[in-house]
Visitor: 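Let me give you the structure first, and then I'll get to my questions.
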Amino acid sequence: MRSLAEASDPDLFKKTKTERKHELPELPGAVEGKVVMRVAPGPSGPLHLGHTRVSILNDEYVKRYKGKYIDRIEDTNPDKIDPDAYKMIPEDLKWLGVEVHETVVQSERFELYYSVARQLIDMGKAYICTCEAEAWRDMKEKGQACPHRDQSPEEGHELLDRMLSHSFGEEEAVLVVKTDLAHPNPAIRDFIGLRIVDSVLHPRTGDRYTVYPMMNFSVAVDDHFLGLTHVIRGKDHLNNTLRQEYIFDYFGWKKPWYHHYGLVQIPDAILKTSTVRQGILRGEYTGWDDVRLGTVRAMAKRGIKAEAIRRYWIDVGMKEVDIEFAWDNLFAFNKQIIDPVASRYFFVWDPQVLEITGTDRIEARSPVHPDHPERGTRDHVLLPPIKVYLTAEDLAGFKERGTVRLKDLCNLRWEDGRGVYTGNDHNVLREGVKIAHWAPYDGMRGEVHMPDGTVRSGIMERIPCEEEDKVVQFERFGFSRIESISPKVVAYFTQ
RNA sequence: GCUCCCGUAGUGUAGUCCGGUCAAUCAUUCGGGCCUUUCGAGUCCGACACCCGGGUUCAAAUCCCGGCGGGAGCACCA
């Protein structure tokens, strides 16, 4: 099929060929139709740029091997749950083009975690600890066992029963998974598997369950029972993987293939969910999609295409080196996508009126897209008194040089604060006459919201309503996504 | 402090496993040229890198040792 397409469209072939340059490597042990992968966000808010890497990388592989993609909502910390996130996360994944085959919510699986905990107690691989948190940590730091570590399975079950029946309060008892207290890496000595939270109600389960699994516990259990074959995630989980592997080993479960890519430092991005939430509540941000934010919905609002984000992460790949997120590269991928389709329009910021004399009728025909004449023209007829808008900067330049060409319209000579019509021969450009864009006197009021929160307002030529929600190019300004057109044009700057 | 991971241009990346074809790839960025008319568009040309030091070898970005540098974890967060 592809060779056919390539033969009929050499340009297409050329493009795919260069893009393929940075293809992701094969996954070890991947069998077509058998691959199961996941994304596992905590529902504290919508997805942000940082989440897109793990979401897309896993999706790429699932698609390549025709496998299964699981969206696992890790809502085991009732203190950090935004109920709206259960809805926003799937929306964000969908926008990203991630194809989810199954959604799993951890708060629906308490019984499973409890039963695995019981089995670990039976095997002598877990114990209930009622030490003070700090004392337990100190002992662990020194590689010492706490007094509960060698309790019998019977005692363990009994104490777990008491945890489950609310006879312990918060921080009074935990289930600890044994690893190796002598392990040289203090990060992976015995870790907590279950804890009690009864001061906060869970938005989904209320007060029905107060014994919550900790991430390393529920992740190991779910990765096994959901049949994960490959796990790709950030390097920050390196030590977590080591811990989780103990549980796999105790049960003799087959471990997924793990890969940890390097950390991403995203410059100039506001990502932290708690900060954003506060900002929204205080009215500093308009919402989760405020274009100053690094959320997925902010990207969408700005006119960043999901495909650009995807190409960017594929280009970055899976290396373990820590990297700095390069907005320029993302924008470059985005430009590849939007430039061929974005309609061109004039937007005059800092607008100044210029009167034109020496003619009583001027017609302008500008292509909607210079590379696609079939998309038609934007036509303007100017009749006396002829007035147009120029940017303050262009007007000053005109005054200084004495000449200017208004794009697609006419040439002008500066005279007594007005522009005198001097014809429409664009060859004047070869003589060094500068070109400027303009907006008709009866143009639309419009504003472009910049990612830094500033607003550029001015006059735009008439923009048809079908451009709503589309990315256009304001010539000599940049790409912007049109949010709404009436009563005035509101646009968000893309790049 | 302990443990682990990593170190190719401003940024990202290919190559590192299986030394030579690597005076090192591609993209972005930056500089310059071109284009019967925008541009932060397109196109062409150019610029910039193998962390350092030793060793092995005819030959090292690639293997070994040491140093230096960066990052992560050591949570009753995920």
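Chain A is the first sequence line, chain B the second, and so forth, proteins listed ahead of strands; every chain is numbered from 1.
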Visitor: Which residues satisfy the side chain to side chain donor-acceptor pair (under 3.5 Å) test with A:Glu108, sequence neighbours excluded?
Guide: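 With neighbours one apart ignored, the set is empty.
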
Visitor: What stems show up for RNA chain B when you take Watson-Crick pairs (N1-N3 plus N6-O4 or O6-N4) and G-U wobbles (N1-O2, O6-N3), both under 3.5 Å, and require three or more consecutive pairs?
Guide: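 RNA chain B forms these stems: B:1-7 with B:68-74, B:10-12 with B:26-28, B:29-34 with B:42-47, B:51-55 with B:63-67.
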
Visitor: May I ask you to say whether A:Asp394 pairs ionically with A:Arg476, meaning some side-chain N is under 4.0 Å from a carboxylate O?
Guide: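 So A:Asp394 pairs with A:Arg476 through a salt bridge.
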
Visitor: Who are the side-chain contact (heavy atoms from CB on, under 4.5 Å) partners of A:Ala439, not counting sequence neighbours?
Guide: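 A:Val348, A:Tyr389, A:Ile459.
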
Visitor: Could you check how far CD1 of A:Ile266 sits from C1' of B:U11, rounded to whole Å?
Guide: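 Rounded to the whole Å, the gap is 14 Å.
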
Visitor: Considering residues at least two apart in sequence or located in another chain, which fulfil the side-chain contact (heavy atoms from CB on, under 4.5 Å) criterion with A:Asp452?
Guide: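 Once residues adjacent in sequence are excluded, the partners of A:Asp452 under the side-chain contact (heavy atoms from CB on, under 4.5 Å) criterion are A:Met450, A:Thr454.
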
Visitor: Partners of A:His51 by ring-ring contact (aromatic ring centres under 6.0 Å, His included), sequence neighbours excluded?
Guide: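 By the ring-ring contact (aromatic ring centres under 6.0 Å, His included) rule, A:His51 matches A:His48.
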
Visitor: Take A:Ile323 and A:Asn424, find for each the nucleotide of RNA chain B with the closest heavy atom, and name the residue whose nucleotide sits nearer the 5' end.
Guide: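 In this pair, the answer is A:Ile323.
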
Visitor: Where each residue is assigned the nucleotide of RNA chain B containing its nearest heavy atom, which of A:Arg405 and A:Arg53 is assigned the position nearer the 5′ end?
Guide: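 Result of the comparison: A:Arg53.
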
Visitor: Below 3.5 Å between N/O atoms, which protein atoms pair up with nucleotides 39-43 of chain B? Just atom names and distances, please.
Guide:
residue, atom, partner, partner atom, Å
B:C39, O2, A:Gln473, OE1, 3.4
B:C39, O2, A:Gln473, NE2, 2.7
B:G40, N7, A:Phe477, O, 3.3
B:G40, O6, A:Arg476, O, 3.3
B:G40, O6, A:Phe477, O, 3.3
B:A41, OP1, A:Lys335, NZ, 3.3
B:A41, O2', A:Asp339, OD1, 3.2
B:A41, O2', A:Asp339, OD2, 2.4

Visitor: For the P atoms, the ones on B:C26 and on B:G15, what distance do you get once it is rounded to whole angstrom?
Guide: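 Rounded to whole Å, the distance is 14 Å.
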
Visitor: Among A:Leu406, A:Asp408, A:Thr391, which residue meets the side-chain contact (heavy atoms from CB on, under 4.5 Å) test with A:His437?
Guide: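 In the set A:Leu406, A:Asp408, A:Thr391, the residue that makes a side-chain contact (heavy atoms from CB on, under 4.5 Å) with A:His437 is A:Thr391.
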
Visitor: How far, in whole Å, is B:A47 from B:C64 if one measures between their P atoms?
Guide: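 To the nearest whole Å, 34 Å.
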
Visitor: Considering non-hydrogen atoms only, spot the tightest contact between A:Glu320 and A:His260 and give its length.
Guide: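 Closest pair (atom of A:Glu320, atom of A:His260, distance): CG-O, 3.1 Å.
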
Visitor: Over all heavy atoms of both residues, which pair between A:Leu409 and A:Asn424 is shortest? Give the atoms and the distance, please.
Guide: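 What the structure gives for the nearest pair is O-OD1, 3.1 Å.
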
Visitor: Can you check the distance between B:G69 and B:U8, where both ends of the measurement are the C1' atom (answer in whole Å)?
Guide: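 15 Å, rounded to whole Å.
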
Visitor: How many whole angstroms separate atom CG of A:Leu181 from atom C1' of B:U3?
Guide: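 One finds 15 Å between C1' of B:U3 and CG of A:Leu181, rounded.
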
Visitor: May I have the distance from A:Glu320 (atom CD) to B:U13 (atom P), rounded to whole angstrom?
Guide: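 Distance, rounded to whole Å: 12 Å.
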
Visitor: So, using side-chain contact (heavy atoms from CB on, under 4.5 Å) as the criterion, who are the partners of A:Glu132 when residues are at least two apart?
Guide: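 Listed in chain order: A:Ala135.
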
Visitor: Please report the distance separating the C1' of B:C65 from the corresponding atom of B:U57, rounded so that it comes out in whole Å.
Guide: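 Rounded to whole Å, the distance is 16 Å.
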
Visitor: Could you work out which one of B:U13, B:U3, B:U37 sits closest to the side chain of A:Asp408?
Guide: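 Closest of the options to the side chain of A:Asp408: B:U37.
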
Visitor: Please report, rounded to the nearest Å, how far the C1' atom of B:U28 is from the CZ atom of A:Phe325.
Guide: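 Answer to the nearest Å: 13 Å.
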
Visitor: Using a 4.0 Å heavy-atom cut-off, write out nucleotides 71-78 of chain B from 5' to 3' as B (base contacted by protein), S (sugar-phosphate only) or - (no contact).
Guide: SSBBSBSB

Visitor: Whether A:Arg53 engages the ring of A:Tyr261 as a cation-pi pair (distance to the six-membered ring centre under 6.0 angstrom, angle to the ring normal within 45°) should be assessed.
Guide: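 Yes.
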
Visitor: Which atom pairs link the protein and nucleotides 46-48 of chain B when you take only N or O atoms and keep those under 3.5 Å?
Guide:
none

Visitor: Suppose you measure atom C1' in B:A41 against the same atom in B:U28; what distance do you get, rounded to whole Å?
Guide: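 Taking atom C1' in both B:A41 and B:U28, they lie 16 Å apart.
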
Visitor: Give me the distance, rounded to whole Å, that separates B:A49 from B:C44 when you measure between the C1' atoms they each carry.
Guide: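 It comes out at 24 Å once rounded to the nearest Å.
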
Visitor: Establish, with yes or no, whether the OP1 or OP2 oxygen of B:G7 is under 4.0 angstrom from a side-chain nitrogen or oxygen of A:Lys319.
Guide: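 Negative; the distance criterion is not met.
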
Visitor: Just the rounded figure in Å: distance from P of B:U38 to NE2 of A:His369.
Guide: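 Rounding to the nearest Å, NE2 of A:His369 and P of B:U38 are 13 Å apart.
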
Visitor: Taking only residues two or more places apart in sequence or in another chain, which ones pass side-chain contact (heavy atoms from CB on, under 4.5 Å) with A:His202?
Guide: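 Residues passing side-chain contact (heavy atoms from CB on, under 4.5 Å) with A:His202: A:Asp75, A:Pro78, A:Ile81, A:Tyr86, A:Ser107, A:Arg204, A:Thr205, A:Tyr212.
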
Visitor: Salt bridge (charged side-chain N to carboxylate O under 4.0 Å, His left out) with A:Glu363: which residues, sequence neighbours excluded?
Guide: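 A:Arg361.
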
Visitor: Return the OH to CD1 distance between A:Tyr492 and A:Ile482, rounded to the nearest 0.5 Å.
Guide: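 Atom-to-atom, A:Tyr492:OH and A:Ile482:CD1 are 11.5 Å apart.
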
Visitor: Would you kindly say whether A:Asp79 and A:Asn77 are connected by a side-chain donor-acceptor distance under 3.5 Å?
Guide: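 No, no side-chain donor-acceptor pair sits under 3.5 Å.
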
Visitor: Quickly work out the A:Gln265 CD to B:G10 P distance and round it to whole Å.
Guide: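 Computing the A:Gln265:CD to B:G10:P distance gives 18 Å.
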
Visitor: Using the test ring-ring contact (aromatic ring centres under 6.0 Å, His included), find all partners of A:His372 that sit at least two apart in sequence or belong to another chain.
Guide: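 Here the qualifying residues are A:His369.
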
Visitor: Could you state the atom-to-atom distance from CZ of A:Arg378 to P of B:U38 in whole Å?
Guide: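 Interatomic distance, CZ of A:Arg378 to P of B:U38: 12 Å.
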
Visitor: Using the C1' atoms only, state how far B:C6 lies from B:U43, rounded to an integer number of Å.
Guide: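 Roughly 39 Å separates the two C1' atoms.
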
Visitor: In whole Å, what separates the P atom of B:G66 from that of B:C30?
Guide: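 Per the computed distance, 43 Å lies between those P atoms.
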
Visitor: Rounded to the nearest Å, what distance is computed from the OH atom of residue A:Tyr312 to the C1' atom of nucleotide B:U28?
Guide: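 Rounded to whole Å, this separation is 10 Å.
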
